[in-house]
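Order of the sequence lines fixes the chain letters, A, B, ..., with proteins taken first and strands second; residue numbering starts at 1 for each chain.
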2 protein chains.
Amino acid sequence: MSTKITFKNASKQDFLVLVRALVRAYQDFAAYDAAGHRAAGLTSPQADVLFALGNTEGLTFREIGEKTLITKGTLTGVIDRLENKRLVQRVPNPNDKRCTLVQLTRTGTQVFQEHFPRHIAYLKTRFDQLTHSDQRRATRFLHKIKAVF
Amino acid sequence: MSTKITFKNASKQDFLVLVRALVRAYQDFAAYDAAGHRAAGLTSPQADVLFALGNTEGLTFREIGEKTLITKGTLTGVIDRLENKRLVQRVPNPNDKRCTLVQLTRTGTQVFQEHFPRHIAYLKTRFDQLTHSDQRRATRFLHKIKAVF
DNA sequence: CTATTTTAGTACGTATTAGTACTAATGTCA
DNA sequence: TGACATTAGTACTAATACGTACTAAAATAG
């Protein structure tokens, strides 16, 4: 017997406990993640792009967007700022003049090789507090949540 | 025998599977949530504030920030725009002249009473696809994740 | 082969976000 | 009570974020 949702009982729906847990877990992680990047003079999206470009010969805007989940409109500005910092460079693609290849510069490669492992280790200190079993189970439930959207 | 993290093996750390699952689950939820609010002419933060103010006599900026996890600097702008839409109003507090009370206007109350239950039902259609048992277990693991930060 | 559609990236407007600095008001402590 | 710290909110900057519109280039349908 499901009751109709009204403005009085809406906030008592059981699933909202899960919603709040999801939002708070993500936000706390995101804040910790951003703090690690900021120590390297990078924002989270900038670091995400550097990490996507690392160990590649360059990626197009579309490919970077798919890896980082940054939409193309936002990506233009992020790449602009990384280019101003001399960490990446736009390279025209002669085969398909619509596409622009984005590559790490020598400086960008250095920053990647130093900051990337350090940041992964920085995250690992926290996730190591969860057992591998818990990590696997948490991952499974997060996949289930994602699957309903 | 833990291996040192380098820029070559860093991306192969097991816990990154969990990180990606968390980010993707949250982002898909957030996009679905935002779409529901946009149908009512609201942004997510604006709707969060309206929902926080619903069924109250008004809240201070600090209280709204605690409920919605919006920092005070951002909140000023969000409240400004809600005030421009005539959905909330700032009311000076005579007891403590530092505080401003934010209340729903009559229009804001109407929007809350219509949009809030509709939005909760809109979210419920998705979360109903998970069993109650899965919802409880997912919540437990999300609390564990939050606890390490 | 040409008209149409799709794809890639940019430009722009509005809104959010975090952080810092600032003012006014309140609380605290010696 | 008076110096000092704390609290509440605003102002400001830089960077995202998303949607829409736009241009150029490539792919495709007929």
Side-chain angles (χ1 to χ4, degrees), chain A residues 23 26-50 58-85 87-102, chain B residues 23 26-50 58-85 87-102:
Chain A
V23 171
Y26 172 79
Q27 289 197 347
D28 285 6
F29 160 75
Y32 181 79
D33 187 60
H37 292 313
R38 196 144 35 87
L42 296 169
T43 64
S44 293
Q46 288 171 10
D48 289 346
V49 169
L50 283 194
L59 300 174
T60 65
F61 274 74
R62 184 181 56 72
E63 291 168 331
I64 297 172
E66 285 169 1
K67 276 201 181 191
T68 61
L69 305 181
I70 299 172
T71 54
K72 61 181 183 178
T74 304
L75 206 46
T76 297
V78 176
I79 300 292
D80 284 348
R81 286 178 284 273
L82 284 172
E83 213 168 19
N84 289 340
K85 292 181 182 175
L87 297 179
V88 306
Q89 54 190 345
R90 283 173 167 88
V91 180
N93 184 342
N95 298 339
D96 186 341
K97 291 181 187 170
R98 292 173 303 181
C99 306
T100 308
L101 217 58
V102 182
Chain B
V23 172
Y26 172 80
Q27 289 198 346
D28 284 6
F29 160 75
Y32 180 78
D33 188 59
H37 292 312
R38 194 143 37 86
L42 295 168
T43 65
S44 292
Q46 289 171 11
D48 289 345
V49 170
L50 282 195
L59 300 174
T60 65
F61 273 75
R62 184 182 56 73
E63 290 169 331
I64 297 172
E66 286 170 359
K67 275 200 180 191
T68 62
L69 304 182
I70 300 173
T71 54
K72 61 181 183 176
T74 304
L75 206 46
T76 298
V78 176
I79 300 292
D80 284 349
R81 284 177 285 274
L82 285 173
E83 213 167 19
N84 289 341
K85 292 181 182 176
L87 297 180
V88 306
Q89 55 190 345
R90 284 174 166 89
V91 179
N93 184 341
N95 298 340
D96 187 340
K97 291 181 185 169
R98 291 173 303 180
C99 305
T100 308
L101 217 57
V102 182

Student: Are any of the side-chain heavy atoms of B/Q46 and B/H37 separated by less than 4.5 Å?
Tutor: no
Student: Using a 4.0 Å heavy-atom cut-off across all strands, classify B/K97 as base, sugar-phosphate, or nothing.
Tutor: sugar-phosphate
Student: Toward the 5' end of DNA chain D, which comes first, A/V78 or A/G73, by nearest nucleotide?
Tutor: A/V78
Student: Report which part of the nucleic acid A/S44 touches: base, sugar-phosphate, or nothing (heavy-atom distance under 4.0 Å, all strands).
Tutor: nothing
Student: Between B/V78 and B/I64, is there a side-chain heavy-atom distance shorter than 4.5 Å?
Tutor: no
Student: If you check the A/C99 side chain, which of C/dA15, C/dG27, C/dG9 turns out closest?
Tutor: C/dG9
Student: Is any side-chain nitrogen or oxygen of B/R81 closer than 4.0 Å to OP1 or OP2 of C/dT16?
Tutor: yes
Student: Check the distance between D/dT10's P and B/I64's CD1 and give it to me in whole angstrom.
Tutor: 10 Å
Student: Output the rounded distance in Å from CG (A/D96) to P (D/dA24).
Tutor: 16 Å
Student: Check every atom of C/dG9, D/dA26, C/dA24 against the side chain of A/F61 and return the nucleotide holding the closest atom.
Tutor: C/dG9
Student: How many Å lie between CG on B/D48 and P on C/dA15, as a whole number?
Tutor: 16 Å
Student: Please compare B/R38 and A/G77 by the position of their nearest nucleotide in DNA chain D and report the one closer to 5'.
Tutor: A/G77
Student: What is the separation between atom CD1 on B/I70 and atom P on D/dT10, rounded to the nearest whole Å?
Tutor: 14 Å
Student: Would you mind reading off the distance between A/R62 atom CZ and D/dA26 atom C1', rounded to a whole angstrom?
Tutor: 14 Å
Student: Is there a side-chain contact between B/Q27 and the phosphate of D/dA17, meaning an N or O under 4.0 Å from OP1 or OP2?
Tutor: no
Student: Can you check whether B/R90 has a side-chain N or O nearer than 4.0 Å to OP1 or OP2 of D/dT10?
Tutor: yes
Student: Mind checking whether A/V102 and A/L82 have side chains closer than 4.5 Å, heavy atoms only?
Tutor: no
Student: If the cut-off is 4.0 Å, is B/T43 near the phosphate of C/dT16, judged by side-chain N/O to OP1 or OP2?
Tutor: yes
Student: Choose from D/dT10, C/dT16, D/dA26 the nucleotide whose nearest atom is closest to any side-chain atom of B/K72.
Tutor: D/dT10
Student: Measure from CG on B/L69 to C1' on C/dT16 and round the result to the nearest Å.
Tutor: 14 Å
Student: Using a cut-off of less than 4.0 Å, is there contact between a side-chain N or O of B/T71 and OP1 or OP2 of C/dA18?
Tutor: yes
Student: At 4.0 Å (heavy atoms only), tell me whether A/T100 reaches a base, stays on the sugar-phosphate, or touches nothing.
Tutor: sugar-phosphate
Student: State, with a plain yes or no, whether a side-chain heavy atom of A/K85 is found less than 4.5 Å away from one of A/R81.
Tutor: no
Student: How close or far is atom P of C/dT10 from atom CG of A/D80, stated in whole angstroms?
Tutor: 7 Å
Student: Taking any heavy-atom pair under 4.0 Å as a contact, classify B/T74: base, sugar-phosphate, or nothing.
Tutor: base
Student: Whole-Å distance between C/dA15 P and B/H37 NE2?
Tutor: 16 Å
Student: Rounded to the nearest 0.5 Å, what separation is found between the CG atom of A/D96 and the OG1 atom of A/T60?
Tutor: 9.5 Å
Student: A side-chain contact here means heavy atoms from C-beta on lying under 4.5 Å apart; do A/R62 and A/L75 qualify?
Tutor: no
